[in-house]
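Chain A is the first sequence line, chain B the second, and so forth, proteins listed ahead of strands; every chain is numbered from 1.
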Amino acid sequence: MLKVTLPNSSVLEVEPGTTMLEVVKKIGPGLAKSAIAAIYNGKELDLSRTLSQDGDLRVLTHQNPESLEIVRHSTAHLMAMAVTELFPGTLLTIGPVIENGFYYDFDSPHKFSPDDFPAIEEKMKEIAKKDYPVERSEMPRAEAIAYFKDPAHREPYKVEMMEEWTDDTVSFYKQGPFSDLCRGPHVPGTGKLQHFKLLSVAGAYWRGDEKRPMLQRIYATAFLTKDDLEKHLFQLEEAKKRDHRKVGKELDYFHIEEGSPGMVFWHPRGWRLYSNLMSYISAKLSRRGYQEVRTPEVVDKSLYVKSGHVANYSDLMFFTQSENREFVIKPMNCPCHVEIFKQGIKSFRDLPIRLAEFGKCHRNELAGVMHGLMRVRGFTQDDAHIFCTVEQIADEVADFCRLLQEVYADFGFSDIIVKLADRPEKRVGSDEVWTKAEAALKEACERARLGYIMNPGEGAFYGPKLEFTLKDSLGRHWQCGTIQVDFNTADRLGAEYVASDGSKHPPVMLHRAVFGSLERFIAILIENFGGDLPLWMNPQQVRILPVSEKFVDAAQELNRKILDAGLISEVDVRNDKIGFKIREGEREKVPYLVILGDKEIQSGKISLRKRKTGDLGAFSLDEALEKFKLEISSKGA
RNA sequence: GCCAACGUAGCUCAGCUGGUAGAGCACCUGAUUUGUAAUCAGGCGGUCGUGGGUUCAAAUCCUAUCGUUGGCUCCA
């Protein structure tokens, strides 16, 4: 007899060969009914699996978070079954669980579109209703390969995967007439799959390789309860309302026009936000020993030939020519900063030299990658290059990490993903120096108490890097801050410093940016705040609403006083009712509205209204200004 | 660049299977002089992304192209 220990420490004795489900039935028929899978000795297993040794058993129901992944994976199979029934000739590939849902990649003669979703969902419900048992079976790998090579059940993608595996046997999951190669585990029957929704179709290369066939991917999601599903769908809708492209248009921040894709036209308000961010960073940098510079945007091509960028990136660069000379539109600032470094002779005593620039760069990005302000062709980096010695790397990186944390905290970002990308296969520089640089990055993260994950082999060819990723409203990841160690560029462009023994060496360069690009960072800001930017960075701060035309003059006078105090203020002079002006002010997300009418003129006070909060009551002008200044200096929202 | 969908007034969108373009908001004019999320009335406004084709007739069908969206690949 086998001993099965339950979470409450009670022990059940069962015959070897008993299935999980039978054990669960012994615990209770209700539990057996709601069971989705089991965890036996720490391993997630199907309820149909048999027991062969003693162990700890935990039953998963729709109340356990671990069940979600199983249900999603089973729903992926359900979707694949529905799709193959509705669209014969569709070949199966893979259908993994991802954050918030799952997808399945198909190779099908049918072109899927969202119009197909209702039919597929209907079919899925139909199959679920039949409550097919989901049965696991094993087969020798060679036999499975032969089976799927047979024209009668041809699945070339499955064959390809199996041919690369080394296991002797492979497992299958069968539900009704449908079976798929899979490791499992799965729900015991399709009846458990009820709360799902197909979301979108997209092309995706087989194995993520652009040289392989383009498959059709259907994204979908599934939840354990109807409530959870509805909540998620509602959140998706809400997130779309925060989209920076939508909010940016509504708030009149910027536009991008068809004629120059990926190039931003900043409107007065958007540009004010942009300048606010630059001033903010400038102040931080000057306190940390950076020196701001400015370099050309049109540069002789030879500089970028020497740096190696033309050889590697000419497809993605803009070129121009004039008077028989070829120029590049600057795609990155580093070579220009090296040119500044090279002026005069630099001693080791001068290092580190930190050159910063709000450098406008242009890259001719592939048409399909543009995305609002997140990915553009013309952008400005809050760039800086630190020229230093190998020994100085760790200190400089640690200082940068502190700066970045300070800045991200000011903007209220706590959900930051830090990745350390280490040596790629193709690289320059000795392994010894790489090891030093990677260790310096790790040390800096530890000193700054930054938890990081490894991104193996993803460093630049010239050195390892840290990447700081933020999320947009839909949870998509965007790299913002970065610091990259570079052993190559200075040497390549002939930059040197004189060491203490009189010998000359190329300095190490650290490429670093806190925002990444102003454009992307603004997009993230807009989405994270849903357009309700904190007062300190908001391009609109105060709007005065005269109750009627009679009070416009008084409003103008008040406006001048508020402007004199250094705030951004304006008057809504339109001949409309106060309710309408308030509505407009709220809609345009103005942080503070000032209502000015007879009552205020009489009392000598002003009425304040805070966005999304409502009427705050009467304040003297001085009190109001004090309140604004306090909110600005505390960087409150 | 690749796959799919989409592109109608300044904005948001309607326009079924081809019959010659419509609403709300915005804007302009007039009336109203307004008290914490929409005052009323009138008016202006579009060669339906662009080029080509089919047809007696195209916003609608076909085709090419540009752009956008969702992904994939890429991101010095």
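Atom CE of A:Met374 and atom CZ of A:Phe379 lie 15.0 Å apart (nearest 0.5 Å).
In this structure, B:G46 makes no Watson-Crick or G-U wobble pair, since no nucleotide meets both defining distances under 3.5 angstrom. Of the nucleotides present, none pairs with B:U36 by Watson-Crick or G-U wobble criteria with both distances under 3.5 Å. Base pairing analysis places B:G24 opposite B:C11; the two distances defining the Watson-Crick or G-U wobble pair are each below 3.5 Å. With a cut-off of 3.5 Å on both Watson-Crick or G-U wobble distances, the partner of B:C2 is given as B:G71. Nucleotide B:U17: unpaired (no Watson-Crick or G-U wobble partner with both distances less than 3.5 Å). Checking B:A41 for Watson-Crick or G-U wobble geometry (two distances, each under 3.5 Å) identifies B:U29 as its partner. Under the Watson-Crick or G-U wobble criterion, with both distances below 3.5 Å, B:C61 is paired with B:G53.
Between A:Tyr304 and A:Phe327, the distance separating the two ring centers is not shorter than 6.0 angstrom.
Side-chain proximity of A:Met214 to the nucleotides B:U36, B:C74, B:G71 is greatest for B:G71. Across B:C75, B:A37, B:G71, the shortest atom-to-atom separation from the side chain of A:Tyr219 is found for B:G71. In the set B:G35, B:A76, B:A37, B:A76 carries the atom at the smallest distance from any side-chain atom of A:His309. The side chain of A:Ser607 has B:U36 as its nearest neighbour among B:U36, B:A37, B:A76. In the set B:A76, B:C27, B:U68, B:A76 carries the atom at the smallest distance from any side-chain atom of A:Lys465. The side chain of A:Ala460 lies closest to B:A76 when the candidates are B:C66, B:A76, B:G70.
Enclosure of atom NZ in A:Lys589 by more than 12 non-hydrogen atoms of other residues, nucleotides or ligands within 6.0 angstrom is indicated.
The same atom, P, is picked in B:C40 and in B:U33; the two are 15 Å apart, to the nearest Å. The C1' atoms of B:A21 and B:G46 are separated by 8 Å, rounded to the nearest whole Å.
Nucleic acid contact class of A:Lys249 (heavy atoms, under 4.0 Å, all strands): sugar-phosphate only. Contact annotation for A:Asp598: base contact, defined as any heavy-atom pair under 4.0 Å involving a base atom. Residue contacts for A:Phe461: at a heavy-atom cut-off of 4.0 Å it reaches no nucleic acid atom on any strand shown. Residue-level contact check: A:Gly368 touches the bases, meaning some heavy atom is under 4.0 Å from a base atom. Among the protein residues, A:Asp576 comes within range of the nucleic acid bases, having at least one heavy atom under 4.0 Å from a base atom. Using a 4.0 Å heavy-atom distance criterion, A:Arg476 is classed as a sugar-phosphate-only contact. Across all strands shown, A:Tyr103 has no heavy atoms under 4.0 Å from either base or sugar-phosphate atoms. At a threshold of 4.0 angstrom between heavy atoms, the contacts of A:Gly372 are confined to the sugar-phosphate backbone, with no base atom among them. A:Gly308 comes within 4.0 angstrom of no nucleic acid atom, judged by non-hydrogen atoms across all strands. Residue contacts for A:Arg217: at a heavy-atom cut-off of 4.0 Å it reaches the sugar-phosphate backbone alone, with no base atom in range. Residue A:Asp615 is classed as a base contact, given a heavy-atom separation below 4.0 Å to a base. Backbone-only engagement by A:Ala204 is indicated by non-hydrogen atom pairs under 4.0 Å involving sugar-phosphate atoms exclusively.
At whole-Å resolution of the value, CG in A:Leu199 and C1' in B:A4 are 15 Å apart. Here B:A76 presents its P atom at 17 Å from CZ of A:Arg427, a figure rounded to the nearest Å.
Here the closest non-hydrogen pair linking A:Cys361 and A:Pro331 is CB-O, 3.5 Å.
Side-chain atoms of A:Tyr205 and base atoms of B:G71 include no donor and acceptor less than 3.5 Å apart. A donor-acceptor contact under 3.5 angstrom links the side-chain atoms of A:Glu600 to the base of B:G35. Between the side chain of A:Arg207 and the base of B:C72 there is no donor-acceptor pair of N/O atoms closer than 3.5 Å. Side chain A:Arg363 to base B:A76: a donor-acceptor pair is found below 3.5 Å.
Stacking here means ring centres nearer than 5.5 Å and ring planes tilted less than 30 degrees, and by that measure A:Tyr313 stacks onto B:A76.
For B:G70, the OP1/OP2 oxygens have a side-chain nitrogen or oxygen of A:His371 closer than 4.0 Å.
Taking 4.0 Å as the cut-off between side-chain N and carboxylate O, A:Arg583 and A:Glu586 do not count as a salt-bridged pair. Looking at A:Arg72 and A:Glu69, no side-chain N of the basic residue comes within less than 4.0 Å of a carboxylate O on the acidic one, giving no salt bridge. Classification of A:Glu458 and A:Lys465 as a salt-bridged pair fails, no side-chain N sitting under 4.0 Å from a carboxylate O.
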Taking only nitrogen or oxygen atoms into account, show me every contact under 3.5 Å that the protein makes with nucleotides 29-33 of chain B, one pair per line with its distance.
from, atom 1, to, atom 2, distance (Å)
B:U32, O4, A:Asn575, ND2, 2.1
B:U33, O2, A:Ser548, OG, 3.4
B:U33, O2, A:Glu549, N, 3.2
B:U33, N3, A:Glu549, OE1, 3.3
B:U33, O4, A:Glu549, OE1, 3.0

**Request:** Please assess A:Glu250 against A:Lys241 for the test salt bridge (Lys or Arg N to Asp or Glu O under 4.0 Å), listing each intermediate value before the final yes or no.
**Result:** CA-CA 11 Å; A:Glu250 285 164 359; A:Lys241 293 184 190 158; over 6 Å; no
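Using a 3.5 Å distance cut-off with no hydrogens or angles, the side chains of A:Lys330 and A:Thr295 do pair a donor with an acceptor.
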